[in-house]
Amino acid sequence: MLRTMPSSTSWGLLLLAGLCCLVPSLLAEDAQETDTSKHNQELPDGHKIAPNLANFALSLYRELAHESNTTNIFFSPVSISTAFAMLSLGTKGSTQTQILKGLEFNITEIKEAEIHDSFQHLLQSLNRPDNKLQLTTGNGLFIQNGLKLVEKFLEEVKNHYHSEAISVNFVDSEEAKKVINSYVEKGTQGKIVDLVKDLDKDTVFALVNYIFFKGKWEKPFDAEETKEADFHVDKSTTVKVPMMNRLGMFDVHHCSTLASWVLLMDYQGNATAIFILPDDGQMQHMEQTLTKELISKFLSNRHTRSANLHFPKLSISGTYDLKAVLSRLGITQVFSNEADLTGVTEDAPLKLNKAVHKAVLTLDERGTEAAGATFLEAIPMSVPPEVTFNRPFTIIIYDRHTQSPLFVGRVVNPTQ
């Protein structure tokens, strides 16, 4: 039986926020086709929070970019926001205000209930069966056997975030680790294994969110055209990468505001990848100048032109201790002894002692699937520009249906 602890010490809460993958779909069986007719009605409520998600995505990207200009970045703003919004259901007072403000919500403009309703619609929309774009998100609550959670919290987490509650024995930390890791491994179709390396002895509650995405390019590359080429990490470092190549019609233009090439490539289904390649020495300028308004403009003004595109095949990942980075966005109290998580349990004081995020990205000729394919299209007889992604660039993967940024990243070294 769990005894109530003195209020000077808090029990630990582990948050695994947004364990996400974009992976080759040959590595997992394709999902069975499902009748989607009843899921296709518009879900406009999911759009309400799209501007907040975009602002949060750019704020977090800038914080990570500020930490280091020499490392790859890759994370899922949708996943991290979902996990913390879900946690906020169990918080009160300034702990809750800080979380929602840190996620870029202005609670004088949008009611708390509206935020959770919007997340519910967003998750329904992202998870609707679509055999072209396979996207799955999931949430799990792992609770110490015998710990009594507030009924309202359990109900709201289940209703709004489709989360299941799983009882575990955190006293046996090896067993608890195994249960959580196998849940994550199953949800990410084996792409993220052994995520939890160690569990704090005080942990009584873990919250897990994951996102898994498999997509195919509308216009694939030909694997036979992929050749080894140089990628310039910085002025003094060059690495060899397999460089894909295709001469064809692309939505690509040079944006003078960002001093960058901007390339949009569609996945089959509702996702679009935006690749931003800054001119030499302009990465910091681009990162400081990029706004959600510019991104919206790129997505709404689509124009194709012929181009000879060279793009690296790559696989990168990002693993983050969110405590450090989110505290710089003003989310601090939930990690401290002042945390008010009485909406989760009244058995004893709780604080969030760990929040982990991991994301994995693989890009190849088929998109996120390795398979041979031939694609032919008519090209005008003008001389096309050469657009070569052979130096650091930024990636944003958007879901067009909900207008939400699923993934954001920066490729500094594709071999890391």
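Atoms considered below: every heavy atom in the structure, side chains included; atoms not considered: hydrogens, waters and symmetry mates.
- For the residue pair N308/E386, the side-chain donor-acceptor check at 3.5 Å is satisfied.
- Contact between I73 and I316 at its shortest, heavy atoms only, is O-CD1, 4.0 Å.
- At least one donor-acceptor pair closer than 3.5 Å links the side chain of N72 to the backbone N or O of V412.
- For the residue pair T272 / R400, a side-chain donor-acceptor distance below 3.5 Å is found, with atom types taken as modelled.
- Listed for the N181 side chain is a donor-acceptor partner under 3.5 Å among the backbone atoms of V196.
- Closest of all the heavy-atom pairs between L363 and F311 is CD1-CE2, 4.0 Å.
- N127 and T137 share a donor-acceptor pair across their side chains, judged by distance under 3.5 Å alone.
- The pair K177-E174 meets the salt-bridge criterion, since a charged nitrogen lies less than 4.0 angstrom from a carboxylate oxygen.
- Side-chain atoms of S68 and T71 form a donor-acceptor pair, as typed in the model, at a separation below 3.5 Å.
- Atom NZ of K227 is surrounded by more than 12 heavy atoms from other residues, nucleotides or ligands within 6.0 Å.
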Intermediate values then yes/no, side-chain contact (heavy atoms from CB on, under 4.5 Å), I397 and Y267:
CA-CA 10 Å; I397 296 178; Y267 287 99; 4.0 Å; yes
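- In this structure, a donor-acceptor pair under 3.5 Å is present between the side chains of D117 and H160.
- Counting only N and O atoms by type, the side chains of Y61 and E287 include a donor and acceptor under 3.5 Å apart.
- Using the six-membered ring where Trp is involved, F335 and F84 have ring planes that are tilted, between 30° and 60° apart.
- In this pair, H401 and H47 present their aromatic rings perpendicular. The plane angle is above 60°, beyond the 30 to 60° band.
- The side-chain hydrogen bond (donor to acceptor under 3.5 Å, both in side chains) pairs that include a residue from residues 253-263 are H254-D279, where partners are two or more places apart or lie in different chains.
- Panel note: side chain T203, backbone D200; a donor-acceptor pair is recorded below 3.5 Å.
- With hydrogens and angles disregarded, no donor-acceptor distance shorter than 3.5 Å links the side chain of K101 to the backbone of L329.
- Under 3.5 Å, the side chains of H116 and E156 contain no donor-acceptor pair of N or O atoms.
- Minimum heavy-atom separation, S306 to P384: OG-CB, 3.6 Å.
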Please evaluate residues K152 and E155 with respect to the criterion side-chain contact (heavy atoms from CB on, under 4.5 Å), reporting the C-alpha separation (whole Å), side-chain torsions for both, the decisive distance (0.1 Å), and the verdict.
CA-CA 5 Å; K152 183 173 184 271; E155 209 173 282; 5.6 Å; no
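- Side-chain contact, D234 with T237: a donor N or O sits under 3.5 Å from an acceptor N or O.
- We find that K240 and E228 are not joined by a salt bridge, their nearest charged nitrogen and carboxylate oxygen being 4.0 Å or further apart.
- Checked against ring-ring contact (aromatic ring centres under 6.0 Å, His included), F56 has no partners two or more places apart in sequence or in another chain.
- The minimum heavy-atom distance between F393 and M283, with the atom names listed, is N-CE, 3.8 Å.
- The local environment of NZ in K197 is crowded, with over 12 non-hydrogen atoms from other residues, nucleotides or ligands closer than 6.0 Å.
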Going through the distances and angles, do N106 and T108 end up as a side chain to side chain donor-acceptor pair (under 3.5 Å)?
CA-CA 5 Å; N106 181 340; T108 56; 2.5 Å; yes
Go through the steps to decide whether D230 and N390 satisfy the test side-chain contact (heavy atoms from CB on, under 4.5 Å), and finish with yes or no.
CA-CA 7 Å; D230 287 343; N390 63 354; over 6 Å; no
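- A donor-acceptor contact closer than 3.5 angstrom links the side chains of E365 and T226.
- Counting all heavy atoms, side chain and backbone alike, F142 lies closest to V179 at CE2-CG1, 3.9 Å.
- Within the 3.5 Å criterion, the main-chain N or O of E338 finds a donor-acceptor partner in the side chain of Q333.
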From CA spacing to verdict: side-chain contact (heavy atoms from CB on, under 4.5 Å), R246, D222
CA-CA 7 Å; R246 187 162 77 76; D222 182 348; over 6 Å; no
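- Tested against M265 for a side chain to side chain contact (heavy atoms under 4.5 Å, CB included), the candidates V252, D251, I274, L309 yield a single pass: L309.
- In this structure, the separation between CZ on R328 and CG on L64 is 7.5 Å, given to the nearest 0.5 Å.
- When all heavy atoms of L199 and F170 are compared, the pair lying nearest together is CD1-CD2, 4.1 Å.
- In this structure, H162 places its NE2 atom where more than 12 heavy-atom neighbours from other residues, nucleotides or ligands lie under 6.0 Å away.
- Counting only N and O atoms by type, the side chains of D340 and T342 include a donor and acceptor under 3.5 Å apart.
- With no hydrogens or angles considered, no side-chain donor-acceptor pair links S88 and Q96 at under 3.5 Å.
- Checked against a 6.0 Å centroid threshold, the rings of Y398 and F407 do not count as neighbours.
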